[in-house]
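Here the structure is laid out as structure tokens; the discussion comes afterwards.
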Amino acid sequence: MDNSPTSLFDSYEQDFQQIIQSIRDKLDGDAKDQQGEQRKAALRRVEMELDEADEMVSQMEIEIQGIPQSLRPSYQKRIRTSKDDLQRYKKLSKDLHAQFARSDLLGTTARPGMGDPMSDDPYGPTSDRTRLLAGTTLLEDGSRRLQESQRIALETEEQGTDILRSLRGQREQIQNARDTLSRADTSIDRASGTLKKMIRRMYQQRVVTAAIIAVLLILIGIILWAKLWR
């Protein structure tokens, strides 16, 4: 098992590339070649895979925080490239959605029963015009929902980045506190050693003082004895 600091990043990037390849195949194949419900199903699968690819990019942004500073610039460039690919295919998917929606609407209005082609009303009977307006409203609503989803995704990404930044700051604070405690322990050990030396010197001085006093007492005793016995 690869325990290098870049192994998880590489794994997520590989999954991202596989998902992007699958999206590319669907957009170039099924989404264009199929019709009706099959085409809609292909586009729904593309949307699901775009969400998965977005999640892979988020995981890559998380893993890059644990990569050494010396290697990080090249991996940041790879993340930017992945984001560009993801945004390009999101735009392509959105454009295909809009294109197929317009095609379906135009296909509906071109069917027989629209009304007299010589009529001054280009939309035919009122019911057909109502359906066209309803389809247009549905398309605009879908576009608004897509934009709202993108906005929420961007906000979520920013919040995740802020959380990671906050966690990194807290980790640095904990590391600084640990270093401060280590220095305090060293200072306490040094002070303890100094205090022990002072205590040892104090006892030595007491012994020397006691010895001097003893010698003086002995000398005084000798002097007194000599004077008394003369």
Side-chain angles (χ1 to χ4, degrees), residues 6 8-65 67 71-111 122-123 129-165:
T6 63
L8 283 177
F9 183 99
D10 294 336
S11 176
Y12 287 129
E13 186 180 33
Q14 183 178 2
D15 292 341
F16 173 83
Q17 295 297 336
Q18 292 176 353
I19 295 172
I20 288 295
Q21 181 62 45
S22 177
I23 292 172
R24 183 185 300 115
D25 294 340
K26 288 182 175 62
L27 292 178
D28 293 340
D30 296 343
K32 292 183 178 179
D33 298 338
Q34 302 294 338
Q35 298 293 329
E37 292 299 324
Q38 292 180 341
R39 184 168 63 189
K40 292 180 180 179
L43 288 176
R44 283 196 296 269
R45 289 195 294 271
V46 168
E47 291 296 328
M48 294 174 61
E49 290 182 340
L50 284 172
D51 291 338
E52 293 179 6
D54 202 354
E55 177 64 22
M56 290 300 102
V57 171
S58 298
Q59 293 296 329
M60 290 160 64
E61 289 181 327
I62 293 175
E63 291 302 324
I64 200 174
Q65 303 300 323
I67 294 178
L71 302 176
R72 193 172 296 180
S74 62
Y75 284 86
Q76 288 174 336
K77 183 177 179 180
R78 288 159 65 175
I79 287 181
R80 288 194 296 270
T81 301
S82 299
K83 285 185 175 181
D84 291 341
D85 291 341
L86 181 60
Q87 291 302 322
R88 182 168 66 253
Y89 284 105
K90 281 184 176 181
K91 184 178 184 301
L92 180 58
S93 175
K94 179 181 177 180
D95 292 343
L96 286 176
H97 270 289
Q99 176 184 344
F100 294 150
R102 286 194 298 269
S103 177
D104 291 341
L105 289 174
L106 293 175
T108 301
T109 58
R111 290 198 300 267
Y123 296 105
R129 183 166 61 250
T130 302
R131 285 198 296 272
L132 180 59
L133 292 174
T136 302
T137 302
L138 182 62
L139 178 60
E140 292 176 351
D141 184 61
S143 298
R144 284 195 300 270
R145 290 183 178 180
L146 182 59
Q147 292 175 356
E148 181 67 17
S149 298
Q150 291 177 342
R151 183 184 64 79
I152 293 175
L154 290 175
E155 290 179 354
T156 303
E157 180 181 352
E158 291 176 356
Q159 291 176 357
T161 303
D162 291 340
I163 291 173
L164 289 175
R165 189 180 299 110

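- T161 and E61 form no side-chain donor-acceptor contact under 3.5 Å, judged by distance and modelled atom types alone.
- Classification of D10 and R78 as a salt-bridged pair holds, one side-chain N sitting under 4.0 Å from a carboxylate O.
- The line from CG of L164 to CD of Q159 is 12.0 Å long, rounded to the nearest 0.5 Å.
- When every heavy atom of A98 is checked against every heavy atom of L139, the shortest pair comes out as CA-CD1, 4.1 Å.
- Within the model, atoms CD of E63 and CE of M56 stand 10.5 Å from one another, a figure rounded to the nearest 0.5 Å.
- Checking side-chain atoms of T156 against main-chain N and O of I152 turns up a donor-acceptor pair under 3.5 Å.
- Rounding to the nearest 0.5 Å places CD of E13 at 8.0 Å from OH of Y75.
- Exactly one of D54, I20, I23 qualifies for a side chain to side chain contact (heavy atoms under 4.5 Å, CB included) with E49. That residue is I23.
- Annotation: the span from I62 atom CD1 to L8 atom CG amounts to 11.0 Å, rounded to 0.5 Å.
- Distance check, rounded to the nearest 0.5 Å: CD1 of I79 to CG of L86 gives 12.5 Å.
- Salt-bridge formation is detected for the pair E155/R151: a Lys NZ or Arg NE/NH1/NH2 atom is positioned less than 4.0 Å from an Asp or Glu carboxylate oxygen.
- Judged by distance alone, the side chains of S22 and K26 do bring a donor and an acceptor atom under 3.5 Å apart.
- Between the S93 side chain and the K90 main chain, no donor and acceptor come within less than 3.5 Å of each other.
- With contacts defined as side-chain heavy-atom distances shorter than 4.5 Å, the pair E55/E52 does not qualify.
- Of the charged side-chain nitrogens involved, none lies within less than 4.0 Å of a carboxylate oxygen, so that R88 and D84 do not count as a salt-bridged pair.
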Test Q21 against Q17 for side chain to side chain donor-acceptor pair (under 3.5 Å), laying out the working first.
-> CA-CA 6 Å; Q21 181 62 45; Q17 295 297 336; over 6 Å; no
How far apart are the C-alpha atoms of L43 and E47, what are their side-chain angles, what is the distance that settles it, and do they pass the side chain to side chain contact (heavy atoms under 4.5 Å, CB included) test?
-> CA-CA 6 Å; L43 288 176; E47 291 296 328; 5.7 Å; no
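- Atoms OG and CG, on S149 and D51 in that order, are 8.5 Å from each other to the nearest 0.5 Å.
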Give the intermediate values and the outcome of side chain to side chain contact (heavy atoms under 4.5 Å, CB included) for residues Q147 and K94.
-> CA-CA 10 Å; Q147 292 175 356; K94 179 181 177 180; 3.8 Å; yes
